[in-house]
Structure formats: C-alpha cells, structure tokens
Amino acid sequence: MTGIQRPPLEGIRVIDLTTFLSGPSATQLLGDLGADVIKVESLSGDSSRAIAGPEIDDVSAYYLANNRNKRSIAIDLKAPRGIEVMKRLIAGADVVIENFRPGVTARLGLSPETILEAQPSLIWASISGFGQEGPLRDRPAYDMVVQALSGVMSLTGHPNAPAARLGIPAGDVVAGLYAVIGILAALRAQRETGRGRIVDVSMLRGQLAMLSYQALYTSVNNTAPQPQGAGHDSIATYRSFRGGDGREFVVTANTPRMWEGLCQVLGANELVSDHRFIDAASRLLNKEELWEILEKRFTERPAGEWVKLLADASVPVAPVKNVLEALEDAREAQDGSLLTLRKGATSFENVATPIRFVDTVDVEPAYPPALGADTLGILTGELGMSGAEVAELLADGVVLAGEEQ
C-alpha cells in the first residue's frame, strides 16, 4: 500500500436526529470515521446538554462526551416550515439516523418509507428501545430498562445480593454500535445496487445479543444463570482475588499450561496432580474447595507482587483498577486512546474511538458544537438560502442560530 488515504467515510453526509446517548454515540463514531455529521436539534437543544453532573463552561460533560465531530443546526420540527427545511437537508444526505419513539417521524411528516420512495438511495437508521414493531414498541426505554428486561442486570453483581446495573451505559452504547454496523453494511450494499434501506435497531435486542453464551447455556440447562460476581460459569480459575494488602486482581488461567503456571507461582505444584483439580471439568466441579485454597495462598503477598509473578509466568493477570487509574495508564501509554478537544481557552480530554487505520489521515477532533452554532452556515451553504430567507426563518422562530465555534 502506498500513499496516505483519506478517512474512510469522508464524503458521506449524515443527518443526526438523535438525542441523549444511543444515537449521539453512533453519530460521534461516524464523525470519527470522517463522515460530515449535521446534528439537528430542537430550539431547546439535545436534552443531554442539561444533564446534572460535571460541567465545562456551563455545558454538561454528558453531552460533551458524545457529540464531537458534528455541526449543529436548531430547527423547530413542529413548524411546517421547519419540516420543509428538514426535508431539504435530507435531500442532500446519504444517511439519516434518529432515535424517536416509533411513529413519531411519520407524525412529523418524515416517514422514512415515503422519503425513500422519493430518495431511494438514502439509508435511514432508527434506534428505539424495542424496535419498530412488537408489543413494547410504544414504551419509553432507557439504558437501565433494557439492562433489566434483557437479563443483563440479573447476571451483574454478586450472588445473594440485589441485581446491579452495569456501571457503563451498555444498553445505549451497544445499540449505537449496532446502528453503525447496520449503516456501514447498508452503505456497502448501496454502492453496488444504488439503493438504500431502512435499518431498525432495538436497544433490547442489542442487550439480548450481548448475553452471548449465557443465552445458550440458559436454553440448554433450562435454568437461569445466577449473578456472576467476579467469576465465570465455566472456568474455575477465571475470577478475581484479593492480595494480602486487600487490593483486588484478576486471574484468567484458562488453559492447562496457565493452570500449571498458576500452581507453580503459588508454590502449590501438588494441586496439579490433585484428583479434585486434575482437569478443567474437575476444577469447576470442585471450585469452592479450589477457591478456598487459592484465596488463602493469595493473602500471603500484596496484590502487586502476585500480578508481577504471574505475568512473568505468562499467566493472564491484571490489577482491578478504578477509572481514574485506567485513564492515567492510557495517558502514559500515549497510544491514541485519549484525545484532547479545544475551543479557545477551553479544553477537555476524552476517550477516542478505538478503531485505527494504517496510512490514513486522522480526523481532527472537533469540539462538540454549541446549540445552533452552524445554523447560518448550513442554511446558506448546504441549502443555498438567501440572507432574506434565513432572516425570515430566524425572525419567525423556525430556526435558531447559536454562537459559532
């Protein structure tokens, strides 16, 4: 391969009609991959702009975390002229992505089926809690709702303790990732056929897909698995332990070689030939006895010493770090896991997309836009409106122009 290539989605225009997290996380990823993302907001803005918590220059960090590499235009979609502006935007787009409840776009006059009849190459992606069809389609959904309904919460936490929500917004982010996968697949097919399609992504279906082997285990056993705590249903030596200093670390000694290495590091070679632990199935059957032995041995040294000894023996191991420590490690690694976004004197650090392309120009990270920051530029540029037309829309409250970046 010779020469430097452009970002893979350069030249693709995405109209982003999403709010909160599932949709914005998807469109941020599309922007990271080079797409031109136009974020369409109501005149009051994406509701995530006002979420309580840390702020930077009076803007919620929640919003800032999921809206880089976008332009913002504010339109009143309840106004007929706002819908006309919206339709003109869509006419110049390759992709539309929205996360309204099913039926809302049709009530707005933006039915994807009707729009695709006039614009057959368009790709329309819908993210919803429960999909466009089915008994739950009209119910509101948030991350914890789909974690609860999918069984994910029942697997999280420790036995005999209340179900626990995953500490990350997996319901939202996974739906966003599946939406991007669907969009990319549709773009690939569009290149050959010239036709777009409607992509339907459900947050609940995304969580069900994340169950992976646990779903099949449940079907085979006809029994619901219990909370996983810090262990694994199939591998006895795949769990967390505490060192003598109380710090936690994880060991994943999955193979016979790793099991033997673990025993050697612990000075417990007799366990290798112990009939109770002779193979993986025996270790699983007798896991409570095994854990008692291992836990006692691990109290003999601080966690950090065990981590080093096990790593030197090629036994997969890691300390359990908090988020502050994990981000500091990423910062020290300087491997592109973190990026800095700047606007004037303001800057903040955020996690970058994990996707890397060799011999490809990086997308320069753009600070998340202020509400309506690009309204004027989009109306006069992409839509070719005259100054008088724009002034009338502004005066009548159909659009809002915010502070430009």
Side-chain angles (χ1 to χ4, degrees), residues 152 155-161 164-168 170 210-214 216-217 225-338 351-352 354-356:
V152 167
L155 295 169
T156 308
H158 290 274
N160 304 314
R165 168 187 172 271
L166 287 171
I168 56 173
M210 280 190 70
L211 291 175
S212 185
Y213 62 85
Q214 288 288 13
L216 187 54
Y217 280 14
Q226 297 303 300
Q228 299 296 287
H232 193 289
D233 267 349
S234 296
I235 308 169
T237 49
Y238 190 106
R239 57 162 288 181
S240 70
F241 298 92
R242 287 187 184 274
D245 57 354
R247 288 296 303 265
E248 288 183 277
F249 60 101
V250 299
V251 177
T252 60
N254 296 356
T255 67
R257 183 199 63 75
M258 294 172 187
W259 161 243
E260 292 169 10
L262 171 62
C263 293
Q264 184 175 2
V265 167
L266 288 171
N269 287 323
E270 71 277 6
L271 297 179
V272 174
S273 56
D274 191 315
H275 72 276
R276 296 172 298 171
F277 316 126
I278 199 69
D279 55 27
S282 300
R283 292 191 288 275
L284 186 63
L285 183 65
N286 299 293
K287 64 183 180 181
E288 299 293 342
E289 296 172 74
L290 177 59
W291 289 346
E292 185 177 351
I293 295 169
L294 297 180
E295 286 167 355
K296 185 176 180 180
R297 291 292 180 112
F298 280 133
T299 62
E300 296 173 1
R301 293 175 182 267
E305 290 187 24
W306 288 122
V307 169
K308 184 178 187 310
L309 289 168
L310 290 166
D312 289 345
S314 297
V315 177
V317 63
V320 176
K321 299 200 171 187
N322 61 38
V323 177
L324 195 65
E325 293 169 328
L327 292 178
E328 181 57 34
D329 285 350
R331 194 173 296 117
E332 291 181 2
Q334 296 184 340
D335 64 352
S337 294
L338 301 178
V351 178
I355 301 169
R356 304 283 190 274

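Since we're looking at a predicted model, the values are computed, not measured. When reading the values below, keep in mind they use all heavy atoms of this one structure, side chains included, and skip hydrogens, waters and symmetry mates.
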Which residue, Asn254, Thr255, Leu284, forms the side-chain contact (heavy atoms from CB on, under 4.5 Å) with Ile235? Asn254
Any donor-acceptor pair under 3.5 Å linking the side-chain atoms of Tyr213 with those of Ser234? no
Tell me, please, which residues at least two apart from Asn286 pass side-chain hydrogen bond (donor to acceptor under 3.5 Å, both in side chains). none
Which pairs count as side-chain hydrogen bond (donor to acceptor under 3.5 Å, both in side chains) when at least one residue sits in residues 259-275, sequence neighbours excluded? Glu270-Arg297, Asp274-Arg276
Where at least one partner belongs to residues 310-320, residue pairs that pass salt bridge (charged side-chain N to carboxylate O under 4.0 Å, His left out), sequence neighbours excluded: Lys308-Asp312
Test of understanding: with side chain to side chain contact (heavy atoms under 4.5 Å, CB included), list the residues that count as partners of Asp245, not counting sequence neighbours. Arg247, Pro302, Ala303
Side chain to side chain contact (heavy atoms under 4.5 Å, CB included) partners of Leu285, counting only residues at least two apart: none
What do you reckon, is CZ of Phe298 surrounded by more than 12 foreign heavy atoms closer than 6.0 Å? yes
With no hydrogens and no angle check, is any side-chain donor or acceptor of Arg239 less than 3.5 Å from a backbone partner on Ala230? no
By side chain to side chain contact (heavy atoms under 4.5 Å, CB included) - contacts of Val265 (at least two apart): Trp306, Leu309, Leu310, Ala313
Can you confirm whether Asn322 is buried at CG, in the sense that more than 12 heavy atoms of other residues, nucleotides or ligands lie under 6.0 Å from that atom? yes
Looking at Arg301 and Glu305, is there a salt bridge between them, counting it only when a charged N and a carboxylate O are closer than 4.0 Å? yes
Can you confirm whether more than 12 heavy atoms, excluding those of Ile355, are under 6.0 Å from its CD1 atom? yes
